[in-house]
Structure formats: C-alpha cells, structure tokens
Amino acid sequence: MSTTGTGTGTGLRTALGTFGVRPLDPLEDSELLHSWVTHPKAAFWMMQDARPEDVEREYLRIAADEHHHALLGLHDGVPAFLMETYDPAHRELAGLYEPEPGDVGMHFLVAPAGTPLHGFTRAVITAVLAHIFADPAARRVVVEPDVSNTAVQALNEAVGFVPVREIDKPEKKALLSFCTREQFTAATGVDV
C-alpha cells in the first residue's frame, strides 16, 4: 500500500483500488448517507430510524461545528464510506479521558455492498487513518466503539489501536482505544 495525492486529499493505493476522501456536502450527499446510516449493518451508527431530513440536519450541524468534520470516502472515485473526525477535548469524549495534544477522534462507516469485497473494510480504515496521519499535527487517533461491537474492535486492533479501558458515554458503554502514528505504521506498513 502506498499513499498518493488524489486531488481530494491524501489517497491510498491498495490491491483493492485507490481510496480517497472529499468534503461531505450535507445537502447533496444526505440522500446517499440516509441509505447508509439506516441500513441494518449500520446499527452501531445509531441512526436506524432517521428520516432523510434528520440525516441532512445532522450533517449540516457537523458542517457548522469547528470541532467535528465529515468527509465522504471514495473507492476508485465512487462514494464508498463515511469518515468523521472530531476534537475529543471538545466533542464525544470531553471529560471522559485526559486528551493529549494531537489527539483526533474518529468514526467511519462503510457503505452497504451488494457483493462484499474481502479486505475492503480493513482497506477503508487504513485509508481513514492514513488521511488523518497525513496531517503532521495528528499524533494519536482516539476511538470509542460500543463494547459489544467486537468486529470493529478486532479491525481497530489490526490497524494498530490499543484498547485502554471501558468508559460510560450517554448513549453506550464504549471501549476507549488509541493508535499512534508509529503503531499504525507498524501494524499496516503504511508510512505516513
């Protein structure tokens, strides 16, 4: 795997194709996002009952928030995943752990696929982390998956995340985990 410029930020070339990101447009992309976040496989995204206008409103809110950002992920130029980053000192984890300079919170969601592609989700999370770590100010990525979401926990560990402890968030019991740039490179071989 190698990182490369794609015109939409840092891209990642893999055996499965090229992954990149572009800014999310809440008005233009909300219909597509609605189909993703309400899909049964997106249960942990906690928007199963959202209406299209709810999705649009949520991503307009994120677009207006200086501490939370949403990007649309592309696979060979086609929308394929959603990526969110946030400042954990101000959003999601504020008051739940001791943030360090360079911490970046992250969420990602892979679009539902008719025919799953083996290794695709791992390639997506690798591309997400490569994009985050392309910013020299990013020193550590912080995630807080639901403790019952063992599939994403295994995926996180495969790309370098180390579980730290369980924390209680208003909406879930979460597994606080960290991944430094060095842990990411050691786990994936991607040098960022």
Side-chain angles (χ1 to χ4, degrees), residues 21 23-27 29-73 79-113 121-122 124-129 131-132 138-180 184:
V21 296
L24 185 131
D25 182 327
L27 300 176
D29 297 325
S30 63
E31 186 176 324
L32 175 65
L33 292 180
H34 179 261
S35 70
W36 294 0
V37 301
T38 58
H39 190 276
K41 290 186 177 182
F44 288 107
W45 206 255
M46 295 181 277
M47 293 186 80
Q48 293 291 287
D49 297 324
R51 298 168 302 169
E53 57 268 26
D54 299 329
V55 174
E56 182 178 297
R57 189 176 315 111
E58 174 64 8
Y59 285 94
L60 283 169
R61 183 193 64 73
I62 291 171
D65 187 334
E66 68 179 300
H67 300 293
H68 196 166
H69 308 284
L71 298 166
L72 192 66
F81 61 97
L82 173 62
M83 169 184 169
E84 293 182 13
T85 59
Y86 63 90
D87 181 342
H90 297 279
R91 299 291 175 266
E92 294 282 333
L93 293 169
L96 296 176
Y97 89 111
E98 195 61 42
E100 295 182 4
D103 278 0
V104 178
M106 180 272 290
H107 299 135
F108 80 101
L109 176 68
V110 176
T121 303
R122 185 168 177 171
V124 166
I125 192 172
T126 302
V128 166
L129 290 173
H131 178 78
I132 292 170
R139 299 186 56 200
R140 183 172 71 166
V141 178
V142 183
V143 293
E144 24 67 44
D146 191 295
V147 294
S148 64
N149 191 347
T150 55
V152 84
Q153 290 170 32
L155 189 63
N156 286 343
E157 289 185 38
V159 295
F161 280 95
V162 175
V164 177
R165 70 176 185 274
E166 291 184 4
I167 58 172
D168 290 315
K169 294 185 68 191
E171 75 281 9
K172 66 184 178 184
K173 182 175 278 297
L175 182 62
L176 182 66
S177 303
F178 301 131
C179 181
T180 64
F184 171 65

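Numbers here simply count residues along the sequence, with the first being 1.
Look at Arg140 and Glu100 and you find a salt bridge, because one of the NZ, NE, NH1 or NH2 atoms lies within 4.0 Å of a carboxylate O, short of that distance.
Considering His69, Glu84, Arg91 as possible partners of Ile62, the one that fulfils the side chain to side chain contact (heavy atoms under 4.5 Å, CB included) test is Glu84.
Looking at every heavy atom in both residues, Trp36 comes nearest to Leu82 through CZ3-N, 3.7 Å. Here the shortest heavy-atom pairing between Ala89 and Ala94 reads O-CB, 3.5 Å. Among all heavy-atom pairs drawn from Val55 and Ser30, the shortest one is CG1-O, 3.8 Å. Residues Gly105 and Pro88 come closest through the heavy atom pair N-CD, 3.6 Å. Listed here is the closest heavy atom pair of Ser177 and Pro163: OG-CA, 3.4 Å. Of all non-hydrogen atoms in Gln153 and Pro145, the two that sit nearest each other are CG-CG, 4.1 Å.
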(Q) Set out, in order, the CA-CA distance, both residues' side-chain angles and the distance that settles side-chain contact (heavy atoms from CB on, under 4.5 Å) for His90 and Asp65, then state yes or no. (A) CA-CA 10 Å; His90 297 279; Asp65 187 334; over 6 Å; no
(Q) The test is side-chain contact (heavy atoms from CB on, under 4.5 Å); show your working for Phe184 and Val141 and say whether it passes. (A) CA-CA 10 Å; Phe184 171 65; Val141 178; over 6 Å; no
Q.
Val21 vs Phe81, test: side-chain contact (heavy atoms from CB on, under 4.5 Å). Steps then yes/no.
A. CA-CA 9 Å; Val21 296; Phe81 61 97; 4.2 Å; yes
Q | Stepwise side-chain contact (heavy atoms from CB on, under 4.5 Å) test for Tyr59 and Asp29 | A | CA-CA 9 Å; Tyr59 285 94; Asp29 297 325; over 6 Å; no
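To the nearest 0.5 Å, atoms CG (Leu72) and CG (Leu32) are separated by 6.5 Å. Note that OG1 of Thr38 and CE of Met47 are 9.0 Å apart. Values are rounded to the nearest 0.5 Å. The distance from atom NZ of Lys173 to atom CG of Asp168, rounded to the nearest 0.5 Å, is 3.5 Å. Considering CD of Glu92 and OG1 of Thr85, their distance stands at 11.5 Å, rounded to 0.5 Å. For the atom pair Leu24 CG and Leu33 CG, the distance stands at 5.0 Å (nearest 0.5 Å). The structure places CG of Leu109 at 10.5 Å from NE2 of His39, a figure rounded to the nearest 0.5 Å.
Taking the six-membered ring for Trp and thresholds of 30 and 60 degrees, Tyr97 and Phe178 have ring planes inclined between 30 and 60 degrees apart.
The backbone N or O of Ala50 lies less than 3.5 Å from a partner atom in the side chain of His34, making a donor-acceptor pair. A side-chain donor-acceptor contact under 3.5 Å links Asp54 to the backbone of Arg51.
Residue Glu53 places its CD atom among more than 12 non-hydrogen atoms of other residues, nucleotides or ligands, all under 6.0 Å distant. Residue Glu31 places its CD atom among 12 or fewer non-hydrogen atoms of other residues, nucleotides or ligands, all under 6.0 Å distant.
Between Val152 and Phe108 there is a side-chain heavy-atom pair separated by less than 4.5 Å. A 4.5 Å side-chain heavy-atom check between Leu93 and Ile167 finds at least one atom pair inside the cut-off. In this structure the side chain of Arg139 never reaches within 4.5 angstrom of the side chain of Thr180, judged on heavy atoms. Residues Ile132 and Met83 are in side-chain contact: their nearest non-hydrogen atoms beyond the backbone lie under 4.5 Å apart. Between His107 and Tyr86 the shortest side-chain heavy-atom distance falls below 4.5 Å.
For Asp25, there are no side chain to side chain donor-acceptor pair (under 3.5 Å) partners, not counting sequence neighbours.
Listed by first and then second residue, the salt bridge (Lys or Arg N to Asp or Glu O under 4.0 Å) pairs that reach into residues 141-152 are Glu144-Lys169, Glu144-Lys172, sequence neighbours excluded.
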